[in-house]
Amino acid sequence: MKLATWNVNSLNVRLPQVLDWLRANPVDVLCLQELKLADEKFPLPAFQELGYHAEWAGQKTYNGVAVLSREPAGDKVRGIPSFEDPQQRILGVTLPSPAGDLRVICAYCPNGQAVGSDKYAYKLRWYEALRDWLSAELDLHPRLAVLGDYNVAPTDADVHNPERWAGQVLVSEPERAAFDALLDLGLADSFRLFEQEPKSFSWWDYRLNAFKRNAGLRIDHILLSAPLANACRACGIDKAPRANPQPSDHAPVVATLEL
DNA sequence: ATGGTCGCCATGCGA
């Protein structure tokens with residue numbers, strides 16, 4: 001079973017690339033972030049033609065998340081319960097698997113803009129609410145996967161130029177502590193369960209030829225609860241779509257589970 | 001030292 005995540009930076013613009021990628025990579029589950037479209041504009045028929053079901057939480061212009069799956073999803077949750085937020089960043093679903101139900105959460109964590117800004121404070125508050133909610137979700141669902149754009153590079157190994165990035169948004173200590181608090185719940189960063197190429201990243205700024213220079217960060221992650229981490233056989237980043245014309249600034253991340 | 005690119009939608013803003 002393959003689970004994947006991809007921040008597409010506008011599903012309107014990226015739909016053909018997402019469809020191409022799914023045809024070449026027929027994963028069981030694909031979590032999408034930054035749809036940037038209203039609910040009524042979600043292109044469900046295009047995904048149905050490829051044999052996928054879909055659930056989504058959209059809004060005009062900003063944010064927006066979706067879960068595509070081979071099997072129909074149940075028990076849908078939109079947003080972090082008890083965290084009032086007009087920004088559509090969270091979608092949780094339950095999916096069947098040979099090992100029993102799988103809880104899949106698609107997350108588009110706040111960017112934070114700049115350390116010390118209002119958006120940075122919102123990011124840290126949001127992470128705290130996420131941790132509290134995931135703690136409860138883990139009690140309910142032993143097989144939990146949280147996939148998405150976390151907007152945090154967990155360690156300096158996830159940063160192309162740690163000296164220049166030190167203390168900046170996406171790598172600052174409070175953000176890393178907020179991310180580590182998710183791992184402390186018992187979730188594993190599936191990418192780090194395996195040997196990986198040095199300088200592996202999932203996001204490259206559109207500016208300054210960042211992709212050509214591999215000047216990136218690893219901020220898209222697949223976190224797995226212990227039973228799923230034990231079943232995880234591989235995790236990798238597919239850089240190919242980032243080299244497309246009109247690419248998203250993020251690459252897909254894929255985890256392979258033996259369930 | 002500064003600005004650089006996208007996508008939104010028509011202007012600056014968010015990333």
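Only this structure's heavy atoms are used, side chains among them; waters, hydrogens and symmetry mates stay out. Each chain gets a letter, A, B and so on, in the order the sequences are listed, and its residues count up from 1.
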Novice: Under a 3.5 Å cut-off for both contacts, is dG7(B) paired Watson-Crick or G-U wobble with anything, and if yes, with which nucleotide?
Specialist: dC13(B)

Novice: Taking NE2 from His250(A) and C1' from dC6(B), how many angstroms apart are they, rounded to a whole number?
Specialist: 12 Å

Novice: Suppose you measure atom P in dT2(B) against the same atom in dG7(B); what distance do you get, rounded to whole Å?
Specialist: 28 Å

Novice: Quick check on DNA chain B: between Leu11(A) and Asn63(A), whose nearest nucleotide comes earlier from the 5' end?
Specialist: Leu11(A)

Novice: For the residue pair Phe201(A) and His160(A), categorise the inter-ring angle as parallel (less than 30°), tilted (30 to 60°) or perpendicular (more than 60°).
Specialist: perpendicular

Novice: Give a yes/no on whether any side-chain N or O of Lys60(A) is located under 4.0 angstrom from OP1 or OP2 of dC8(B).
Specialist: no

Novice: Between dC13(B) and dG4(B), how far apart are the two P atoms, rounded to whole Å?
Specialist: 15 Å

Novice: dG7(B) phosphate, OP1 or OP2: any side-chain N/O from Arg14(A) under 4.0 angstrom?
Specialist: yes

Novice: Quick one: Gln88(A) CD to dA15(B) P, roughly how many Å, whole number?
Specialist: 15 Å

Novice: Taking the minimum atom-to-atom distance to the side chain of Tyr206(A), which one of dC6(B), dC8(B), dG14(B) wins?
Specialist: dC6(B)

Novice: To the nearest 0.5 Å, how far apart are CZ in Arg192(A) and NE2 in His221(A)?
Specialist: 9.0 Å

Novice: May I ask you to verify if any side-chain N or O of Ser10(A) is less than 4.0 angstrom from the OP1 or OP2 atom of dC6(B)?
Specialist: no

Novice: Mind checking if Phe211(A) touches a base, just sugar-phosphate, or nothing, with heavy atoms under 4.0 Å?
Specialist: nothing

Novice: When the distance from CG of Leu15(A) to P of dG7(B) is rounded to whole Å, what number comes out?
Specialist: 14 Å

Novice: Starting from the 5' end of DNA chain B, give me the residue, Asn7(A) or Lys36(A), whose nearest nucleotide shows up first.
Specialist: Lys36(A)

Novice: In whole angstrom, give me the gap between the P atoms of dG3(B) and dC8(B).
Specialist: 26 Å

Novice: Side chain of Leu208(A): nearest nucleotide among dT5(B), dG3(B), dC8(B)?
Specialist: dG3(B)

Novice: Return the value, rounded to whole Å, for the distance between atom CG of Asp205(A) and atom P of dT2(B).
Specialist: 18 Å

Novice: Should the pair Arg89(A) and Tyr108(A) be classed as cation-pi, given the thresholds of under 6.0 Å to the six-membered ring centre and 45° from the axis?
Specialist: yes

Novice: Taking dC6(B) as the reference, what is the distance to dT11(B) when you measure between their C1' atoms (whole Å, please)?
Specialist: 16 Å

Novice: Take atom OH of Tyr62(A) and atom C1' of dC8(B), then tell me their distance rounded to the nearest Å.
Specialist: 7 Å

Novice: Is the number of heavy atoms from other residues, nucleotides or ligands under 6.0 Å of Glu40(A) CD greater than 12?
Specialist: yes

Novice: Please give the distance between the P atoms of dA10(B) and dT5(B) as a whole number of Å.
Specialist: 23 Å

Novice: Okay, side chain of Trp56(A), backbone of Val67(A): is any donor-acceptor separation there less than 3.5 Å?
Specialist: no

Novice: For Arg207(A) and dG7(B), what is the distance between atoms CZ and P respectively, to the nearest whole Å?
Specialist: 14 Å

Novice: Is the CZ atom of Arg164(A) crowded by more than 12 outside heavy atoms at less than 6.0 Å?
Specialist: no

Novice: Could you state the atom-to-atom distance from CZ of Arg89(A) to C1' of dA15(B) in whole Å?
Specialist: 10 Å

Novice: Using the side-chain heavy atoms of Asn9(A), tell me which of these nucleotides is nearest: dC8(B), dA15(B), dG7(B).
Specialist: dG7(B)

Novice: What's the CG-P distance between Asp220(A) and dA15(B), to the nearest Å?
Specialist: 15 Å

